[in-house]
Structures are given as C-alpha cells and as structure tokens.
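Below is one structure, written out as structure tokens, with a few remarks after it.
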Amino acid sequence: MRFIDSHCHLDFDELADNLTEYMSDAKASGIERFVVPGISLTQSKSLLAFQQQHPSCHIAFGLHPYFLTERSVEDMPHLAALAAQHKAKLIAIGECGIDSHCDDLALQQVLFKEHIKLANQLGLPLIVHHRQSHHLIAQAFKQVVPQFGGVIHAFSGSRQQAEYYIKLGFKLGIGGTITYARARKTRDVVSSLPLSNFVLETDAPSMPVYGFQGQINVPVRLVDIFEQVCQLRTEPPEVIAQALYKSSRELFSL
C-alpha cells in the first residue's frame with residue numbers, strides 16, 4: 001500500500017538529528033511523499049533548499065497563525081512575491097488560518113484573507129489551520145471565496161462543519177486526533193463520509209497518536225492513523241489506502 005503524509009514539518013529542529021532515519025522508516029512502510037508547509041517568511045525561504053535536499057518532499061509557503069509577529073503584515077507582500085517567483089515548486093499556500101488560542105484575532109483574519117487571495121491568484125489550494133475557529137474561517141471564506149479548495153488541516157468538528165468545507169472544494173486532514181476515543185464527532189465524520197473527502201497527515205513532530213503521548217511524532221505514525229481509519233470504515237484496507245492516496249494526489253496535483 002502507498003501513502004502520502006499530507007502535512008508534516010520535517011524541517012523542524014525536533015526531527016533534525018534523526019531525519020534520515022525517520023524518512024527511511026516512513027518509506028519502508030509505504031509512505032512515498034511528504035508535504036511540508038510554510039510557517040514564516042524566513043522558514044518558507046529555507047524550504048526551497050530543504051526540498052532540493054529531500055526530493056520526496058513537496059512544499060508550501062505560508063504564515064502560520066501561531067508564529068505571527070508585529071512584522072507579519074510587512075512579511076506578507078514578500079511572501080506573496082516569493083510564492084509567485086517559485087510557483088512551479090509549490091503545491092499549496094499555507095499553513096495559514098485562524099487559531100483562537102493565539103493573540104490578535106483581527107491580525108489573523110486579515111492575513112488569512114491575504115493567503116486566500118494569494119492562493120486564488122496562483123491557482124493553488126490552501127492548507128488551513130484551525131483551532132476553535134470554524135466560525136471565523138467561515139467569515140473569511142464569505143469575504144474572500146477560495147477558488148481552488150485545499151485541506152482543512154487536523155480537522156476536528158461535526159459532520160455539518162465537514163460538509164460545509166467539502167462543498168467549498170476542501171478535503172479534511174485526518175491525523176492523530178481520531179486515535180483518541182474522546183474525538184467522537186470527528187471519528188463519526190471519518191466513518192460516514194466518502195473516502196474521497198479525506199487525506200492522511202501526521203503533523204510531525206506535533207500531534208502524537210494515542211499511545212505515543214509525550215513523544216516526538218514521526219511520519220511512520222501515519223500507518224497507525226491509517227489503521228484507525230480502517231477500524232472506522234467498512235471497506236477493505238487496500239481500497240481505503242488507494243482512495244486516500246488518490247485523494248492526496250488530486251488535492252496537490254501530484
């Protein structure tokens with residue numbers, strides 16, 4: 001079976017010392033490709049060299065809400081110019097979005113809409129971060145309608161919320177959240193909607209799966225997430241794997 005980790009921060013320091021081993025373990029388990037999002041202007045620039053070193057990685061440029069600073073408004077035009085210059089090397093715009101646990105929601109909303117505009121201009125999908133902010137993301141989508149869909153990273157929510165995003169052309173990123181029994185609403189979504197609406201992701205080195213709490217999350221854990229999906233679905237594992245692999249390829253034009 002073949003897999004794509006549709007969201008992992010393989011360039012983060014937590015993985016640096018053993019990155020070759022982590023990627024080798026993942027590839028031995030059938031994980032062929034990795035999507036590495038941008039989180040800041042400086043880091044987005046650095047992803048160009050990272051991709052050259054690791055051809056199985058695909059990159060996106062973005063300003064993550066968690067890493068926004070007072071300079072982020074000034075950084076956004078530079079990020080847009082950088083993205084336009086290197087469009088051929090990008091598969092998405094992001095990680096961007098709105099996080100209610102972070103400061104300055106007004107700034108987050110302004111910059112999120114700028115990311116949507118940029119994705120529309122370049123004809124690229126979005127990688128959208130959310131945390132207790134579905135209503136704010138919906139507001140932004142009403143003001144600037146995303147034209148090329150994307151992925152709702154680490155989706156956690158109800159079927160109604162899931163269907164709202166799907167109607168806008170988005171897929172739902174399914175990660176370690178579903179390995180926890182308390183995530184009933186999200187597990188129900190995964191069990192009931194067509195497989196074509198989902199992509200698998202780890203968010204390594206963050207969001208550890210159940211049983212690995214307190215440890216650095218690594219891409220090979222995508223297999224654990226896949227096995228949990230199989231427990232929630234009625235289709236054979238081979239059918240599930242093929243559908244999720246195809247979904248990631250369609251989303252990012254791989």
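Looking at Val35 and Val199, their side chains never come closer than 4.5 Å, going by heavy atoms from C-beta outward. Counting only heavy atoms from C-beta outward, the side chains of Ser56 and Met23 approach each other to under 4.5 Å. In this structure, the side chains of Lys89 and Leu48 come closer than 4.5 Å at one or more pairs of heavy atoms. For the pair Asp25 and Val218, the minimum side-chain heavy-atom distance is 4.5 Å or more. Side-chain contact between Leu251 and Pro125 is present, with heavy atoms from C-beta onward closer than 4.5 Å. Counting heavy atoms from C-beta on, the side chains of Val151 and Leu172 never come closer than 4.5 Å. Annotation: side chain of Ser72 is in contact with side chain of Leu111 (closest heavy-atom distance under 4.5 Å). Within the 4.5 Å cutoff, side-chain heavy atoms of His130 are placed close to those of Ser156.
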Test side-chain contact (heavy atoms from CB on, under 4.5 Å) on Ile93 and Ile127; report intermediate values, then the result.
CA-CA 6 Å; Ile93 295 299; Ile127 298 174; over 6 Å; no
Chi angles and distances behind the side-chain contact (heavy atoms from CB on, under 4.5 Å) call for Asp5, Arg33
CA-CA 6 Å; Asp5 188 343; Arg33 307 186 194 192; over 6 Å; no
Could you go through the side-chain contact (heavy atoms from CB on, under 4.5 Å) check for Leu124 and Phe148 one step at a time?
CA-CA 6 Å; Leu124 292 171; Phe148 298 93; over 6 Å; no
Would Leu244 and Phe3 satisfy side-chain contact (heavy atoms from CB on, under 4.5 Å), going step by step from the backbone distance to the final call?
CA-CA 8 Å; Leu244 295 173; Phe3 302 100; 6.0 Å; no
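Among all heavy-atom pairs drawn from Phe34 and Pro219, the shortest one is CE2-CB, 3.8 Å. The minimum heavy-atom distance linking Gln161 with Ser158 is given by the pair OE1-N, 2.9 Å. Between Ala241 and Met1, the shortest heavy-atom contact is CB-SD, 3.5 Å. The two residues Cys57 and Leu10 make their nearest non-hydrogen contact at SG-CD1, 3.9 Å. Contact detail for Arg184 and Ala181: the closest heavy-atom pair is CG-O, 3.5 Å. Contact detail for Ser29 and Val220: the closest heavy-atom pair is OG-CG2, 3.4 Å.
Here the straight-line distance linking atom CE of Met76 with atom CD of Glu114 works out to 6.0 Å at 0.5 Å rounding. Once rounded to the nearest 0.5 Å, the distance linking CG of Asp203 with CG of Leu222 reads 12.0 Å. To the nearest 0.5 angstrom, Ile216 atom CD1 is 10.0 Å from Ser206 atom OG. Atom CZ in Phe155 sits 12.0 Å away from atom CD1 in Ile178 (nearest 0.5 Å). The distance from atom NE2 of His135 to atom CD1 of Ile98, rounded to the nearest 0.5 Å, is 8.5 Å. Summarising the geometry, atom CD1 belonging to Ile116 is positioned 7.0 Å from atom SG belonging to Cys96; distances are rounded to the nearest 0.5 Å.
Under the 30°/60° scheme for interplanar angles, the aromatic rings of Phe112 and Phe141 are found to be tilted. Ring orientation note: the planes of His86 and Phe61 are nearly perpendicular, at an angle over 60° on the 30°/60° scale. Below 30°, between 30° and 60°, or above 60°: for His9 and His7 the angle between ring planes is above 60°, a perpendicular geometry.
Side-chain polar atoms of Gln228 and Arg187 form a donor-acceptor pair below 3.5 angstrom. Counted by atom type alone, Lys113 and Gln143 present one or more donor-acceptor pairs between their side chains at under 3.5 Å. Judged purely by distance below 3.5 Å, without hydrogens or angles, the side chains of Tyr66 and His129 never pair a donor atom with an acceptor atom. Judged purely by distance below 3.5 Å, without hydrogens or angles, the side chains of Arg159 and Ser192 pair a donor atom with an acceptor atom. Using modelled atom types, one finds no donor on one side chain facing an acceptor on the other under 3.5 Å when comparing His58 with Gln51.
Residue pairs meeting the side chain to side chain donor-acceptor pair (under 3.5 Å) criterion with at least one member in residues 207-222, sequence neighbours excluded: Arg221-Asp224. The side chain to side chain donor-acceptor pair (under 3.5 Å) pairs that include a residue from residues 167-182 are Lys171-Ser247, where partners are two or more places apart or lie in different chains.
Looking at Gln108, its side chain does come within 3.5 Å of a backbone N or O of Asp103 through a donor-acceptor pair. Between the side chain of Gln109 and the backbone N or O of Ala140, no donor-acceptor pair lies under 3.5 Å. When atom types are taken as modelled, the side chain of Ser133 and the backbone of Arg131 share a donor-acceptor pair closer than 3.5 angstrom. In terms of modelled atom types and a separation under 3.5 Å, the side chain of Arg249 and the main chain of Leu254 share a donor-acceptor contact. Proximity of a side-chain donor or acceptor of Gln43 to a complementary backbone N or O of Ile39 within less than 3.5 Å is detected. Checking side-chain atoms of Asp75 against main-chain N and O of Leu41 turns up no donor-acceptor pair under 3.5 Å. With hydrogens and angles ignored, the 3.5 Å screen pairs a side-chain donor or acceptor of Thr69 with a backbone N or O of Arg71. The closest donor-acceptor contact from the side chain of Asn120 to the backbone of Gln147 lies under 3.5 Å. For Ser191 (side chain) and Leu232 (main-chain N/O), no donor-acceptor pair under 3.5 Å exists by modelled atom type.
Annotation: Glu70, atom CD; neighbour count of heavy atoms from other residues, nucleotides and ligands within 6.0 Å does not exceed 12.
Using a 4.5 Å cut-off between side-chain heavy atoms of Ile, Leu, Val, Met, Phe, Trp and Tyr, with links allowed through other members, Leu126 and Val144 fall into the same hydrophobic cluster. The cluster map of Ile, Leu, Val, Met, Phe, Trp and Tyr, joined by side-chain heavy atoms under 4.5 Å apart, puts Val190 and Ile4 in different clusters. The hydrophobic cluster containing Phe50 does not contain Ile91, counting ILVMFWY residues as joined when their side-chain heavy atoms lie under 4.5 angstrom apart, directly or transitively. Put simply, Leu79 and Ile59 are part of the same group of oily side chains (I, L, V, M, F, W, Y) that touch within less than 4.5 Å, one to the next. Leu200 and Leu195 fall within a single hydrophobic cluster, where Ile, Leu, Val, Met, Phe, Trp and Tyr side chains are chained together by heavy-atom contacts under 4.5 Å.
Taking the six-membered ring where the residue is Trp, the centroids of His134 and Tyr165 are separated by under 6.0 Å.
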